[in-house]
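Written below as structure tokens is the structure these notes are about.
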Amino acid sequence: MQIITTVNRMKEYSRKASQNGKSIGFVPTMGYLHDGHLSLVRAARKECDVVIVSIFVNPTQFGPLEDFDKYPRDIERDKLRLEGENIDVLFLPEADEIYPGGCAIEVKADNSISEVLCGAARPGHFDGVATVVAKLFDVTIPDKSYFGQKDAQQTVVIERMVKDLDLPIEICVEPIIRENDGLAMSSRNMYLSGSERAQAVKLFEALSEAEKLIKGGEDSSALIKEKMKSILAEGKDIEVDYIETVDANSLRSVEEVGSDTFIAIAAFVGKTRLIDNILIK
Ligand code: PAF
């Protein structure tokens with residue numbers, strides 16, 4: 001595994017690989033890697049000749065009151081995990097490599113997909129994500145790039161960016177990886193205290209109940225959301241940000257759950273904001 005820290009060196013590597021006819025699989029991450037990230041790396045390893053993983057905690061996707069400074073970082077542990085995955089390159093830039101002149105120009109996602117759901121509570125977040133991913137795509141020139149379904153709204157924004165900017169990149173969305181009790185893996189789970197960790201599983205329980213109701217023939221969003229709310233209310237430190245049923249492509253709210261509906265939750269468990277979702281096919 002080569003470690004590359006500069007944009008020039010990374011571009012040179014990717015261009016050479018491309019010219020030699022190698023397919024490039026790219027997994028962008030913010031580090032503190034868990035099995036969810038590794039499932040993306042494994043999918044890339046299976047499908048591409050060259051696998052590039054980036055670790056960059058992107059400042060432009062954090063609001064001024066968010067956890068940029070305390071976002072978990074452990075590069076040595078991440079390197080060890082990636083060494084076991086037989087990747088080709090770890091791209092590890094500093095912020096001034098990615099934003100040498102600041103960030104005066106951004107990729108701006110349409111409000112209909114960037115200011116709903118998580119975007120309502122995190123204004124500018126998805127523009128920051130789209131901007132950094134566009135920059136990372138420019139440097140790594142991937143054929144395929146891998147994202148987790150846990151960040152469902154992020155995948156919709158990135159898919160639209162690739163489509164609308166005509167980027168020749170296939171976006172591969174991989175299933176959510178869960179702990180044994182169902183909690184979706186996330187770097188932010190490490191913020192949870194013991195009691196919060198025990199309550200956090202309620203997000204999965206609420207989604208599982210929704211799935212059960214839908215399998216039983218229920219399609220009323222209002223009723224499903226009400227039931228989910230009552231399950232989340234059992235956690236004394238849980239404060240719901242949103243429970244939504246949306247069309248999986250447009251992210252528009254739906255009154256009736258049908259095929260291609262995301263059921264999505266964001267909730268604070270203590271001070272930690274967690275998200276989770278299921279896709280109804
Ligand atoms: O999902 C993430 O970890 C980040 O949003 C990403 C895609 C690496 C961009 O910073």
Side-chain angles (χ1 to χ4, degrees), residues 23-31 33-48 51-56 58 61 85 87 107 109-110 112-114 116-119 122 125-134 136-137 140-179 182-188 203-204 207-208 210-211 214 244-252 254 257-266 274-281:
S23 60
I24 300 178
F26 173 51
V27 183
T29 82
M30 298 208 298
L33 304 176
H34 50 67
D35 288 354
H37 294 112
L38 297 188
S39 75
L40 308 180
V41 173
R42 286 171 195 154
R45 182 69 287 164
K46 219 190 266 170
E47 296 171 4
C48 303
V51 176
I52 302 172
V53 176
S54 66
I55 297 182
F56 177 61
N58 171 40
Q61 69 189 73
E85 299 299 329
I87 70 164
V107 175
D110 190 76
S112 65
I113 54 171
S114 68
V116 296
L117 302 174
C118 288
R122 306 187 70 189
H125 169 72
F126 289 104
D127 298 338
V129 169
T131 302
V132 79
V133 171
L136 292 168
F137 282 174
T140 57
I141 38 177
D143 297 278
K144 293 184 173 201
S145 187
Y146 296 80
F147 295 83
Q149 196 215 303
K150 181 172 153 289
D151 298 306
Q153 185 171 8
Q154 169 169 284
T155 65
V156 169
V157 169
I158 300 299
E159 278 168 343
R160 273 309 291 264
M161 176 177 84
V162 163
K163 182 164 178 265
D164 291 359
L165 299 182
D166 259 334
L167 305 178
I169 300 167
E170 184 185 339
I171 301 302
C172 306
V173 180
E174 301 296 323
I176 298 178
I177 304 294
R178 298 182 178 280
E179 304 285 357
L183 176 67
M185 289 197 184
S186 161
S187 304
R188 288 190 169 98
L203 274 75
F204 178 65
L207 290 166
S208 304
E211 198 167 27
I214 293 160
E244 286 292 351
T245 51
V246 297
D247 177 83
N249 300 306
S250 68
L251 298 185
R252 256 184 242 120
V254 296
V257 174
S259 63
D260 268 354
T261 301
F262 270 131
I263 306 192
I265 300 179
L274 300 180
I275 57 173
D276 200 350
N277 68 81
I278 50 170
L279 175 60
I280 305 301
K281 276 284 181 195

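Bear in mind the structure is a predicted one, so any value in this text is a computation, not a measurement. Basis for what follows: all heavy atoms, side chains included, without hydrogens, waters or symmetry-related copies.
- Distance OG/Ser114 to NE2/His125: 10.5 Å, rounded to 0.5 Å.
- The side-chain hydrogen bond (donor to acceptor under 3.5 Å, both in side chains) check on Asn277 picks up Gln149, with sequence neighbours excluded.
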Before you tell me yes or no, could you show the steps for Val162 and Phe137 under side chain to side chain contact (heavy atoms under 4.5 Å, CB included), namely the whole-Å CA-CA distance, both residues' side-chain angles and the distance that decides it to 0.1 Å? CA-CA 10 Å; Val162 163; Phe137 282 174; 3.9 Å; yes
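- For Asp143 against Ile24, the heavy-atom pair with the smallest separation is OD2-N, 2.6 Å.
- Here Gln154 contributes atom CD and Ile113 contributes atom CD1; the two are 12.0 Å apart, rounded to the nearest 0.5 Å.
- When all heavy atoms of Ser187 and His34 are compared, the pair lying nearest together is N-CD2, 3.5 Å.
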Could you walk me through whether Val129 and Val157 pass side chain to side chain contact (heavy atoms under 4.5 Å, CB included), step by step? CA-CA 9 Å; Val129 169; Val157 169; 5.8 Å; no
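- Closest non-hydrogen pair, Leu207 versus Ile278, comes out as O-CD1, 3.4 Å.
- For the pair Glu174 (side chain) and Arg42 (backbone), a donor-acceptor distance under 3.5 Å is absent.
- What you find for Arg122 and Gln61 is that their closest heavy atoms are NH2-O, 3.7 Å.
- Listed by chain and number, the residues in a side-chain hydrogen bond (donor to acceptor under 3.5 Å, both in side chains) with Thr29 amount to none (sequence neighbours excluded).
- Within the structure, side chain to side chain donor-acceptor pair (under 3.5 Å) pairs that include any residue of residues 156-168 comprise Arg160-Asp164 (at least two apart or interchain).
- The side-chain heavy atoms of Lys281 and Asp260, taken from C-beta on, include a pair separated by under 4.5 Å.
- Contact check for Val246 versus Val116: no side-chain heavy atoms found under the 4.5 Å cut-off.
- With values rounded to the nearest 0.5 angstrom, Lys150 atom NZ is found 4.0 Å from Ser186 atom OG.
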Walk me through whether Ile275 and Cys118 qualify under side chain to side chain contact (heavy atoms under 4.5 Å, CB included). CA-CA 9 Å; Ile275 57 173; Cys118 288; 3.7 Å; yes
Run Ile169 and Lys144 through side chain to side chain contact (heavy atoms under 4.5 Å, CB included) and show every step you take. CA-CA 5 Å; Ile169 300 167; Lys144 293 184 173 201; 5.9 Å; no
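- Legend: residues meeting salt bridge (Lys or Arg N to Asp or Glu O under 4.0 Å) with Lys46, ordered by chain and number and at least two apart, are absent.
- A donor-acceptor distance shorter than 3.5 angstrom exists from the side chain of Ser145 to the backbone of Phe26, with no hydrogens or angles considered.
- Nearest heavy atoms, Leu251 versus Ser112: CB-O, 4.4 Å.
- A distance-only check finds a donor-acceptor pair linking the side chain of Asn58 to the backbone of Gly128 [under 3.5 Å].
- Residues satisfying the side-chain hydrogen bond (donor to acceptor under 3.5 Å, both in side chains) criterion with Glu170, sequence neighbours excluded, are absent altogether.
- Partners of Asp276 under the salt bridge (Lys or Arg N to Asp or Glu O under 4.0 Å) rule, at least two apart in sequence or in another chain, are Arg178.
- The CD1 atom of Ile176 sits 9.5 Å away from the CZ atom of Phe204 when rounded to the nearest 0.5 Å.
- Contact detail for Thr131 and Asp127: the closest heavy-atom pair is OG1-O, 2.6 Å.
- Distance check: Ile141 CD1 to Ile52 CD1 gives 8.0 Å after rounding to the nearest 0.5 Å.
- In this structure, the separation between OG on Ser250 and CG on Asp110 is 11.0 Å, given to the nearest 0.5 Å.
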